[in-house]
Structures are given as structure tokens and as C-alpha cells.
Amino acid sequence: MSQKHPVIAVTGSSGAGTSTVKNSFEHIFRREKLKAVIVEGDSFHRYDRDAMKQAVADSEKSNGRPISHFGPEANEFEKLEALFKEYGNNGSGQTRLYLHNDEEASPWQQKAGTFTPWTPIPTGSDLLFYEGLHGGAKSDSADVAKYVDLLVGVVPIVNLEWIQKIFRDTSARGYSTEAVTHTILRRMHDYVHYITPQFSRTHINFQRVPTVDTSNPFIAREIPTLDESYVVIRFRKPEMADFPSLLNMIHDSFMSRPNTIVVPGGKMGMAIELILAPLILDIVAKSRT
Ligand SMILES: Nc1ncnc2c1ncn2[C@@H]1O[C@H](COP(=O)(O)OP(=O)(O)OP(=O)(O)O)[C@@H](O)[C@H]1O
Ligand SMILES: O=C(CO)[C@H](O)[C@H](O)COP(=O)(O)O
């Protein structure tokens with residue numbers, strides 16, 4: 001935790017929708033004129049795509065537990081922890097990008113599946129904003145969560161998460177449904193041990209729940225739309241939210257528990273902005289005094 005240089009993190013599994021939720025945060029930063037350094041979680045993968053393929057094949061051959069992008073073997077948790085700590089101390093640190101496809105890679109004149117060089121983050125920012133798989137991660141050798149001032153989980157129910165993952169990886173990243181299914185299976189151990197525990201460390205979780213049948217995510221053709229879903233929003237500390245005001249402003253919302261409000265899916269972006277803008281402004285105001 002840092003009072004002076006705050007770190008805000010959105011964490012969620014692959015396909016959960018963290019990149020999509022990032023847009024709502026960017027609206028807040030733009031509207032409130034906050035200078036945020038954006039850090040993408042995939043930048044902290046340990047291997048580029050070719051090296052990862054090899055490392056996965058080696059781990060599968062050795063008959064041990066296969067490694068995955070969810071776990072510590074394939075990520076630089078220590079470097080991520082060090083970045084959050086250094087940023088918290090003095091507002092500096094280094095990051096890079098993982099270029100997923102040709103569209104992202106061509107401006108860098110690099111191949112898809114490679115990293116850009118490590119580069120110092122710009123000075124004079126108001127906050128660091130992390131979006132990715134491991135904003136609240138902990139392993140035997142690293143504690144990323146410890147340095148985060150506001151940790152937000154994005155976690156659809158798992159069938160929906162898999163539909164979103166399969167849809168995105170087949171449509172935008174060139175994988176077959178079979179290849180994505182294999183990846184989901186290979187990652188399961190790390191999913192249980194390194195992804196889901198984060199959602200007990202978060203301050204707030206946004207969980208999208210569909211109201212249409214998603215019982216076989218491996219044959220689903222479409223992602224349920226926002227109008228075909230609700231979002232369950234749970235606060236670790238209920239005092240973080242002004243529930244009467246949220247219930248008043250978000251049409252058709254209701255409380256399902258004393259620390260949980262449910263909003264129609266179409267209101268997800270609005271709910272994120274209404275809930276998080278005051279919390280972010282408060283953190284930044286404290287950092288300035
Ligand atoms: N609320 C939503 N409603 C409808 N579609 C969504 C929603 N959130 C995400 N999606 C879709 O799900 C897919 C995955 O979303 P996104 O890329 O944001 O996931 P991610 O968590 O950033 O994944 P990764 O970490 O693997 O990049 C995308 O096709 C996106 O358009
Ligand atoms: O987990 C992921 C994103 O959070 C991706 O699967 C990971 O970044 C690897 O990408 P690719 O398979 O395109 O090299």
C-alpha cells in the first residue's frame with residue numbers, strides 16, 4: 001500500500017473481461033484529468049510465445065504438472081511485486097508490452113507473441129493502473145497484492161468466462177476451439193491455486209451472471225449480451241459504497257446481501273464509474289496531501 005503513489009489493479013482470469021472493464025476506468029481518468037500509467041498484466045509473462053510453447057511441451061513431457069500462464073512458473077511475479085513496490089515508493093518503475101497479434105506487433109516492427117523492450121514508465125503520474133491476471137497474486141516468493149491500494153476483481157461465472165475466452169481467442173488470436181479447450185484444461189490447477197484466491201483479497205468484485213443457458217460453453221456460438229445478464233457487485237467493506245444512492249441512480253438494481261448490490265448487465269459500465277470514481281478520487285486526494 002502506498003499513500004503517495006497509489007496502485008489500482010483490476011484482476012481477472014483470461015477472458016474475464018478485464019480489458020473491457022479497463023475502458024470504464026479510462027473514462028474516469030479522462031473525466032477527472034488523472035494521469036494514469038497503464039500496466040498490462042501480460043507484460044509480466046516469463047516467456048515469449050515460442051519459448052512458452054517449448055516450456056509447456058517440456059513440462060507436459062516430464063509427466064509433471066504442466067505449466068500455464070496462470071501460475072508462477074510462467075510469470076514474473078517478483079518483477080510485478082517489485083514494480084508495485086517501487087512505484088509506491090517513488091512513482092517510478094519499468095514495464096513493457098506483450099504483443100498478442102500482428103495488429104499490435106506491426107507498429108513495433110516485431111513478431112506477434114513477443115515483448116517490447118523494458119522501458120521506464122513516464123514520471124509525474126497520479127497513479128499506476130494495472131489490468132491483467134495477477135493484480136492480487138501471491139506465491140511462495142512474491143506478494144503482489146500487498147502493494148495494491150484498490151484491488152478490483154472481474155470474475156464472470158466460469159461458463160461465461162470460458163465462452164468469452166473461446167470467442168476472443170478464436171476470433172482475435174487465431175486459435176481453434178480445440179486448442180483453447182486444451183489451454184483451459186492445462187491451466188486448471190493454476191486457476192484454482194493462483195487465480196481464484198485473488199478474489200478473496202479484492203476490495204470489490206464484479207461478477208457477471210447470464211440469464212440465458214450457458215451450460216455447454218464449448219459449443220456456444222455467441223457471448224450473452226449485457227442485456228442478457230446481471231452483474232453482482234460485492235464489497236469487502238460495505239462502508240465503501242453509498243448503497244442508497246446507487247440503488248436510486250441505477251434503475252432496477254437491488255441488494256442481495258448487506259454488502260452486495262445487483263445491477264442489470266447494461267448498467268455495468270455506469271455502475272463501475274459510479275462506484276469507483278469517488279474511491280479513486282479519494283485515494284488520489286490523500287496521495288496529494
Ligand atoms: N461485459 C461483457 N459483455 C459482453 N462481452 C464481453 C464483456 N466483457 C468481455 N466481453 C468479451 O469477452 C472477450 C474477452 O474480454 P477481454 O478481452 O476484456 O478479456 P480479458 O480479461 O482482458 O482477457 P485476457 O486477459 O486474456 O486478455 C472479448 O471478446 C470481449 O468483447
Ligand atoms: O492468458 C492470457 C491473457 O491473459 C493469454 O492466453 C496469454 O497472454 C498468452 O497469449 P498467447 O497465447 O496469445 O501467446
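If you read the sequence from its start, that first residue is 1, and numbering goes on from there. Read the numbers this way: they start at 1 and go in the same order the structure lists the ligands and their atoms. Quick caveat: nothing in here was measured; it's all calculated off a predicted structure.
Remark: Ile195 CD1 to His134 NE2 distance equals 4.0 Å, nearest 0.5 Å.
The aromatic rings of His5 and Tyr87 sit perpendicular to each other, their planes meeting at more than 60°, with 30° as the lower class boundary. Using the six-membered ring where Trp is involved, His100 and Tyr98 have ring planes that are perpendicular, over 60° apart on the 30 and 60° scheme.
Contact annotation: Lys165 has no heavy atom less than 4.0 Å from any atom of ligand 1. Not a single heavy atom of Gly41 lies less than 4.0 angstrom from ligand 1. Ligand 1 has at least one atom lying under 4.0 Å from a heavy atom of Gly15.
For atom 10 (N) of ligand 1, the candidate residues are Gln164, Glu222, Glu161; the nearest heavy-atom contact is made by Gln164. When Glu40, Arg208, His100 are ranked by how near their heavy atoms come to atom 3 (N) of ligand 1, first place goes to Arg208.
Ligand-side atoms of ligand 1 in range of Glu131: 22 (O), range being under 4.0 angstrom from any heavy atom. Near Ser13, with a cut-off below 4.0 Å to any heavy atom, the atoms of ligand 1 are 21 (O). Within the listing of ligand 1, atoms 26 (O), 27 (O) sit less than 4.0 angstrom from a heavy atom of Arg173. Below 4.0 Å from some heavy atom of Ser19 lie the following atoms of ligand 1, by number and element: 17 (O), 18 (O), 20 (P), 22 (O), 27 (O).
Using modelled atom types, one finds a donor on one side chain and an acceptor on the other under 3.5 Å when comparing Ser229 with Arg208.
Scanning both residues, Phe77 and Tyr194, for their nearest heavy atoms gives CE1-CD2, 4.4 Å. Nearest heavy-atom pair, Pro66 versus Glu60, reported as atom, atom and distance to 0.1 Å: CB-CG, 3.8 Å.
Taking 4.0 Å as the cut-off between side-chain N and carboxylate O, Asp126 and Arg288 count as a salt-bridged pair. In summary, Glu73 and Arg65 engage in a salt bridge, as defined by a charged side-chain N under 4.0 Å from a carboxylate O.
Clustering ILVMFWY residues whenever any of their side-chain heavy atoms sit less than 4.5 angstrom apart, transitively, puts Val284 in the very cluster that holds Ile38.
Looking only at distances, a side-chain donor or acceptor of Thr183 sits under 3.5 Å from a matching main-chain atom of Ala179.
At a heavy-atom cutoff of 4.0 Å, ligand 1 is contacted by both the backbone and the side chain of Thr20.
Contacts of ligand 2 (protein heavy-atom distance under 4.0 Å) are Ser14, Asp42, His45, Arg49, His69, Tyr98, His100, Leu133, Lys165, Arg173, Tyr175, Arg187.
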